[in-house]
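Report on the following structure.
Just so it is clear, the structure is predicted and the values come from calculations on it, not from any experiment. A, B, ... follow the sequence lines: proteins, then strands. Residue 1 opens every chain.
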Amino acid sequence: MTDLPEDFEIALLITTDDRDLAAEVEAELPAASVSASDNFLGGTEIAAFLLFAKETIGGILGFLAKKGDRVKDAKISIGTRQISLEGYSAGDAERLMGSQAFKDAVASVKKG
Amino acid sequence: LPQGTIPSPEVTRRRLLSALGPARFVQFAEIDATADGEEGFHYVSLYLHRIGNQFRVIDGEAFIISNGFLSSHAYNLALVHLFHAGGDPAGRTAALKHNYKKFFAECVLGVRNCLMGRALLLETILFEQDLMKPLFASLEDNPGRSAAASEVATTMSMLLSQHELGHYQDRRSGGRLRADAADAFGGRLEAMVARTEQAHGPEPATELLCDGVAAWLSLTADSEAPAEDERLVRLRMIALGFLCFADLTALQKSADLTARASRGEDAGIRLGSEIRSKEAFGYTIVRDPAMDLRARAVVDLCEAEARSRGAELFGEDGRFPLPRSIAADLAAAFRTFAEEAPGPISGLTGTDLQRRQLVQLVAESLHGHEAGAEHLLWRSKQFSVGGQAVDP
């Protein structure tokens with residue numbers, strides 16, 4: 001992944017019933033700007049906005065590996081595309097970044 | 001953004017949209033702060049194929065998100081309710097099932113493009129359109145019915161927004177919402193919240209508090225007090241709204257589970273194969289006990305409020321009847337909405353086994369075709385924004 005646009009932001013999106021998880025996202029991903037919703041459906045959707053880097057993806061997958069049992073759904077949002085993180089483990093940053101969905105999402109950001 | 005940088009309004013909006021997903025028809029409105037210290041917020045209306053109504057703060061800015069998806073389905077449910085009032089129960093159940101199936105299918109496809117979502121949506125488009133056609137046709141001769149259905153949809157939409165505003169106000173005031181709402185529904189809301197807190201804990205109690213405040217504001221927000229018969233109409237609309245919320249919420253949760261559980265089934269589809277799929281494609285249906293509890297509580301509040309004014313919440317009278325059987329009617333449709341009807345069926349009024357098998361073939365052919373599924377979702381209905389049709 002050498003052909004990435006510079007300084008673009010991605011969002012980690014977590015759906016959970018555990019409202020305490022937002023504070024843990026902030027603690028584990030200190031560079032992130034974190035927002036948690038109140039949903040009419042109940043539960044919360046946490047969004048953590050981060051500058052893209054391979055280390056960022058590694059940090060996200062590492063966080064999910066630790067806290068995944070409290071997460072109902074996890075995705076990353078790149079531009080207008082959302083990519084499910086289901087099936088990726090802590091050391092899978094390269095595999096995720098090599099996936100077609102990821103490449104398509106990055107291409108959409110590059111197009112603007 | 002480098003740490004310490006204050007995001008521009010454009011960055012904050014981009015972040016909001018990134019958190020919400022593939023929404024369309026997004027419109028922002030600024031609600032200004034008031035002179036007496038009420039903080040301002042952003043009201044965002046959009047369309048997204050899930051119940052995405054929520055409140056959130058991003059970069060210090062508060063956003064109330066209102067999704068037209070829910071209110072558009074609420075409108076159709078209200079129309080079924082009004083059209084079939086006092087009429088044929090079988091026709092009402094068939095139309096309710098059709099609307100629940102369509103809502104469920106759209107929620108499934110809102111999560112991901114999977115066979116079950118495509119198949120059920122195609123059934124509603126190809127084989128069930130005569131269930132709603134006479135209802136829409138009847139509106140030309142009965143504008144009052146359309147107005148009443150719109151009123152229910154608006155009421156439901158407002159209930160959701162007021163619920164989220166309740167959370168916002170409670171947080172900003174340091175938990176004073178409950179004290180401020182102590183007199184709502186003659187003190188019965190406070191008693192119910194206290195009982196809920198004791199039995200289920202603080203979070204369900206807060207949800208019920210916000211539901212109750214939203215219902216109370218919906219009933220009393222006008223500067224001029226409505227006439228008693230109009231107050232009863234509103235109570236009935238609020239009660240119907242919460243009964244529908246309970247079902248639609250359960251359908252959303254069922255759709256989430258179905259979409260996620262079907263990854264393996266979808267992976268087994270072999271496009272181009274002359275061998276028919278032997279997979280049994282399934283769906284998962286669950287209730288949401290917490291929302292059922294909340295809905296029951298609000299209906300009880302509405303019933304007690306009506307009685308305190310010498311009226312009956314349930315009844316076949318007036319411009320907005322609400323039969324006592326309404327909860328059972330909705331439950332009957334919910335239980336069976338995805339089941340095939342016994343054939344043969346005349347006209348486009350249902351899906352039997354033969355039609356289901358045809359639909360499966362067509363739905364399979366769209367496997368992996370993301371744009372095709374998106375096309376089905378967005379072209380199978382008509383949208384309007386700010387009262388203007390998107391495709392006149």
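- Highest contact tally toward chain B, considering only Lys75(A), Glu45(A), Lys72(A), is held by Glu45(A) [criterion: heavy-atom pairs under 4.5 Å].
- Neither the backbone nor the side chain of Ala290(B) comes within contact range of chain A; no heavy atom of the residue lies under 4.5 Å from a heavy atom of that chain.
- Asp288(B) and Thr249(B) share no side-chain donor-acceptor pair at under 3.5 Å.
- Ring orientation note: the planes of Tyr168(B) and Phe41(B) are nearly perpendicular, at an angle over 60° on the 30°/60° scale.
- Among Glu207(B), Lys253(B), Arg112(B), Glu164(B), the residue with the largest count of heavy-atom pairs under 4.5 Å with chain A is Glu164(B).
- Only the side chain of Arg294(B) comes within contact range of chain A, with at least one heavy atom under 4.5 Å from a heavy atom of that chain.
- Side-chain polar atoms of Arg19(A) and Thr44(A) form no donor-acceptor pair below 3.5 angstrom.
- When Ser84(A), Gly79(A), Ser33(A) are compared by the number of non-hydrogen pairs under 4.5 Å with chain B, Ser33(A) comes out ahead.
- Using a 4.5 Å cut-off between heavy atoms, Asp211(B) contacts chain A through its side chain alone, with no backbone atom that close.
- Residue Gln82(A) touches chain B through its side chain alone, counting heavy-atom pairs closer than 4.5 Å.
- Using the six-membered ring where Trp is involved, Trp378(B) and Phe25(B) have ring planes that are perpendicular, over 60° apart on the 30 and 60° scheme.
- For the pair Arg14(B) and Phe8(A), the NZ or CZ position fails the cation-pi test of under 6.0 Å to the six-membered ring centre and within 45 degrees of the ring normal.
- Put simply, the residue from Gln54(B), His163(B), Arg171(B) that forms a side chain to side chain donor-acceptor pair (under 3.5 Å) with Asp38(A) is Arg171(B).
- Proximity to chain B (any heavy atom under 4.5 Å) is shown, for Thr15(A), by neither the backbone nor the side chain.
- Using cut-offs of 30° and 60° on the angle between ring planes, the pair Phe103(B) and Phe69(B) is parallel.
- The contact between Leu41(A) and chain B is made by backbone and side chain atoms together, counting heavy-atom distances below 4.5 Å.
- Looking at Phe245(B), the atoms closer than 4.5 Å to chain A (heavy atoms on both sides) all sit in the side chain, from C-beta outward.
- Proximity to chain A is absent for every atom of Leu248(B), based on heavy atoms less than 4.5 angstrom apart.
- In summary, the side chains of Thr155(B) and Ser218(B) do not present any donor paired with an acceptor at a separation below 3.5 Å, with no hydrogens or angles considered.
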